[in-house]
J.: 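Take a look at this one; I'll ask things after.
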There are 4 protein chains.
Amino acid sequence: MSNSFGRILKVTTFGESHGPYIGAVIDGCPSNIKICEDEINELLEKRRPVNQFFSTKRKEKDRATIISGVFNKMTTGAPICILIPNIDVDSSYYEEIKGVLKPSHADFTYYKKYKNYDYRGSGRASARETAARVAASLIAEKILEETNIKVFSYLYSVGDIDIVFKEEDFFEKIDKSVIFCPDKKAEEKMLKKLKEIKDEKDSIGGAVGFYIKNTLIGLGEPIYNKLNAKISFLLMSIPGVKAVEFGDGIESSKKTGSLRNDLFKYENQIFHTLTNNEGGINAGISNGEPIYGKVHFKPTPTISKQQKTVDTQGNKKILKSFENDRHDVCIAIRAVPVVKAMIYLALADFYLLNKAYGM
Amino acid sequence: MSNSFGRILKVTTFGESHGPYIGAVIDGCPSNIKICEDEINELLEKRRPVNQFFSTKRKEKDRATIISGVFNKMTTGAPICILIPNIDVDSSYYEEIKGVLKPSHADFTYYKKYKNYDYRGSGRASARETAARVAASLIAEKILEETNIKVFSYLYSVGDIDIVFKEEDFFEKIDKSVIFCPDKKAEEKMLKKLKEIKDEKDSIGGAVGFYIKNTLIGLGEPIYNKLNAKISFLLMSIPGVKAVEFGDGIESSKKTGSLRNDLFKYENQIFHTLTNNEGGINAGISNGEPIYGKVHFKPTPTISKQQKTVDTQGNKKILKSFENDRHDVCIAIRAVPVVKAMIYLALADFYLLNKAYGM
Amino acid sequence: MSNSFGRILKVTTFGESHGPYIGAVIDGCPSNIKICEDEINELLEKRRPVNQFFSTKRKEKDRATIISGVFNKMTTGAPICILIPNIDVDSSYYEEIKGVLKPSHADFTYYKKYKNYDYRGSGRASARETAARVAASLIAEKILEETNIKVFSYLYSVGDIDIVFKEEDFFEKIDKSVIFCPDKKAEEKMLKKLKEIKDEKDSIGGAVGFYIKNTLIGLGEPIYNKLNAKISFLLMSIPGVKAVEFGDGIESSKKTGSLRNDLFKYENQIFHTLTNNEGGINAGISNGEPIYGKVHFKPTPTISKQQKTVDTQGNKKILKSFENDRHDVCIAIRAVPVVKAMIYLALADFYLLNKAYGM
Amino acid sequence: MSNSFGRILKVTTFGESHGPYIGAVIDGCPSNIKICEDEINELLEKRRPVNQFFSTKRKEKDRATIISGVFNKMTTGAPICILIPNIDVDSSYYEEIKGVLKPSHADFTYYKKYKNYDYRGSGRASARETAARVAASLIAEKILEETNIKVFSYLYSVGDIDIVFKEEDFFEKIDKSVIFCPDKKAEEKMLKKLKEIKDEKDSIGGAVGFYIKNTLIGLGEPIYNKLNAKISFLLMSIPGVKAVEFGDGIESSKKTGSLRNDLFKYENQIFHTLTNNEGGINAGISNGEPIYGKVHFKPTPTISKQQKTVDTQGNKKILKSFENDRHDVCIAIRAVPVVKAMIYLALADFYLLNKAYGM
């Protein structure tokens, strides 16, 4: 496996869904950054299921512990290890369905590739693992505090219901919604849809939007480690992602150059573009305009309905229905803070790299 | 900059559009692979503009030279350096527009980030650089010859014209089309559209599809270096890409789990899925089904129409029209072999890594 | 900081001397390797101070816990996190000498580089950290079990007393000595010397030898990641190392080629060399002969005598004498198992890499 | 193989002794560094054989060409590819001894590991390859120009003749000696010894010293990527190196702590140590004192005397005498500029990394 990423700021995560802990080691962190466990726990709180009808009932109130790299409440430059205990884990269901291949899930490929794998709660492949990423992202946020960069992520769509941007304080409204949806009207429809899907013992896909304000000019390392390439890499590693778009994304392929090109202007000694179809990135480097895009999530593969499948021996099986409350109706919702976390981690790494070059 | 990728098979490229050479160094290559320059030149031939009306007129008949790593026509394990001379380069136009920021182009960010950059033909940011990637991909193809893996890429759409899959020998038809489009009807419409756009001195976006046959089970390294994540990274690094999709991609976000999940079956001692919405990847690891997806390209930012812009000093400028024949009408066309090249390079790297684990 | 190493088998360590835990994450481990905590604890037992007069009294009976990556007592391919609690830590002495620069120690450079650092027991710079390396090395040993490779390390010298090779079962005697010295006569002299040094409240340098039996031919990746280069890198990272030699090492520089060259012979279908001055490595690649060399350690910088120094403000200070029992008389002794651990980790990594190439 | 090193400043080299070119790609270089081919050629001139009796007669007047990454005589941030043609190569001798294993040489291990290898002039394993490292080091020197760091390397010993430090302008005298020996008396003895060895058709070992003036405090990344560890790695990768020492090196293992510890003083607002046994490095980080050490080289394995050996089929062979003028009497001499080059490359990389952290 490959459980590390980052060039200057290196993140390594570990732990399985039903093991004692999940955790992260963040290495290459600058010293003298103020950091405390409460701040990590606040971030984790946003990510955890909130006992809403659309999320799993698992009461995993996460309490992270920093076990290294912080002294007198400040980072020392040493690797920061964060441990998050797994509590409220009940493996009985997984013992019952042991060997049965869950459709569109990790079972089959993990079984084939690794032979021995922790099938309980999907083990290492569980979305539970993303809590460690979110915890690690606090360090990235802190590193970027000396800039004005601010990353937002929000629920863009549930099934075919999507949001409409309009208000001034659009992004500030994200946290007021239980589903991270800043468009009140869309939120209502989404919640209604989620309820229906839940009642049908089904799941549904969704998309997460991201928006980066006050971007510095010059983040990203072409030709390969482009800003969009690296962010795509990190977003595609989130469980359930099937597509990533930057700027006008897929729509760009339908347009003509003369209508789509972002023309430059120069005002008040600042370069700007009249439009921002590129989503703030030219040739893999941030141009100072807002960076935005979308991440598309498939429906949760775990559903409460019964499904026909086979086991690892090839025997036909009926996959027992999951308890209705042990899975998310729409994984995109819980992924919203994870998208933000991964982007913060990418940006902090590029930011430190720019500093190496005096940029 | 960051001009290397790959973990076992490491590729480093170099060179600017109007410099004497572009090239690649491929390190970590197994020894005893038969390789010759003619094979590289064949691959390059597919990538180069064919003097069709929709491509640049630059007569860059590329002739690659292998200057290291091959002895007695076989690889030695030593780094393979491939040089491709830049011929037929005329920098006069670029001298005329020196300092003028081309919209949606690399000029602005390169200027801001690096201060000194080779503006001639976009320098390092030129799509010309992708020839080195294509040359390097021959090594990857050769490494994978001991498997049956076969990667196809094709022109999926031009503007809003897209193809329809139907025939048995669909992928075999790709190379018969001057625009890599295996659907004859769509090809006609596309060529017509390209002609119109050309006459309007404009450019247009397009999408490239990819399809991997006879995939091995078990390629990809979760949690971060997932097969889809790494391929996305490499595809997003191709100039002009704004979105990458795997399997049903964006559509997945609109579906319900019960209808979308790929159910397993077991027939003739082989596991298969009844559908393949996931595009052959479960939890970041190939499951043996065909891997497929799409890459969306923006319209060529260089157009023959005049455009309003500013120069690096902030002065308003009119960007002179480019000669009609010095740019591609639709970059997606020329990118078709590049998409294939990047996927081959990703697969070969994962394949070697699997062998390290006896997989 | 940089707390990871390894290319296929990646080791990341974390933790400070007086923090709650030290630990390691081993990523890239093959699945299906049988492993248990008891085996790690056995390795740690060898490394820990044994309450001999020459070692610190700290009763750190280490008990490692594996918190991820192992399921049903077998590795799963997922990252293995090993935690080792720090027990019996008393920071009071370090609070007393806070800010006083210990000569030839980490204080000054950590203070200057990181500003905020955990000065208690040298924090991250403590030799305590090497326990995590030793724990991680079990994985490497296990990976190499399918070969016959066997790594030995032993105390080669204390001050100017060094050992003489003679017996057949030389290396098997290492573990019978409390100071890892397989030469009984030398051991006696060394213990006497250590006692004297201890009584003088001083410390003394020493050297550790290593010897690798049944080496495979072909380990090592020139031109840069040569077998000797990588092992040197890892050995030089052990606290207190000032020199590393391979084969006849320093003596080689005094010899002539005609007398020193290792001539080849071919017997019983096997290539051998008549002599082994190269120490089993030609051009950075193992040649199948035993690999051997030496690692030279400075005397423990912490001594029980008082020393003149300054504090971080530049004020003259007398460094209080350390309690006689809180430091090692000769760090080379405790480093013996660490040298073996680092070599195992290097070899396992090269071994997996060779498998990637079908070697 | 593994032909790259460096974390921020990445160097990749390629090319064989008897191929058309050797070369280097330097990636991650800051932009706006003034650089020209003449400066590279000056560095190469120092490394090349000077037709002295003790060096090979090969008249390889190297002329490097920069083919990318430099525009208007300044770096652009793009990868810099430097090509050095191999001229005056005569492969006839190597064809004659094809398949015969040269003792203490690369033949055997390259043959066994790679099967197909370029045996002409040792191919990739040739010391010729170090010319590319020297060329690359110019970039490192330039990056460090904004500091006062100055690296010196010199011939420390030939066989058992070694130098004595005395004069003020010791290091400035290095370049006045044809064998890079700043001690006039030792130089005379060395030249006499070299002549004798030459006349005996033999070769001899030697050691290279290094000395770094005006070091910054804080270079090096513990726990693994320590300054001494990384420099050792790079020095051990130079052909013929058998040992590396820092500070008092091997002698340190014979000393007591009370006599060896470097005591701190504070004068004129600067911290210094009264002695410098550590060689300017504490706990893997530079402490501001001069960094010094030694690198020990074995005698050139190629000698003009006949040697008994076997061929790759195991047949007994007499290795024909090499022409007296086609090999170096003492490889340490030609390695002097290479040692300096590798240290500059290590320092520049750590320097850029420190800047990432605002150090």
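By convention in this document, chain letters (A, B, ...) are assigned in the order of the sequence lines, proteins followed by strands, and residues within each chain are numbered from 1. It should be emphasised that the depicted structure is a prediction, and the values quoted were computed from it without experimental measurement.
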J.: Who wins among A/P79, A/G28, A/P222 for the most heavy-atom pairs under 4.5 Å with chain D?
T.: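 Top count of heavy-atom pairs under 4.5 Å with chain D: A/G28.
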J.: Give every donor-acceptor pair between chain D and chain A closer than 3.5 Å, one pair per line, or write none.
T.:
unit_1, atom_1, unit_2, atom_2, d
D/R7, O, A/R7, NH2, 2.9
D/R7, NH2, A/R7, O, 2.9
D/G28, O, A/Y357, OH, 2.6
D/Y357, OH, A/G28, O, 2.6

J.: Relative to chain A, which of D/L353, D/I223, D/L352, D/I143 shows the most heavy atom pairs under 4.5 Å?
T.: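 The option with the most such pairs is D/L352.
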J.: So, using ring pair (Phe, Tyr, Trp, His ring centres under 6.0 Å) as the criterion, who are the partners of A/F246 when residues are at least two apart?
T.: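 For A/F246, the residues satisfying ring pair (Phe, Tyr, Trp, His ring centres under 6.0 Å) (neighbours in sequence not counted) are A/F210.
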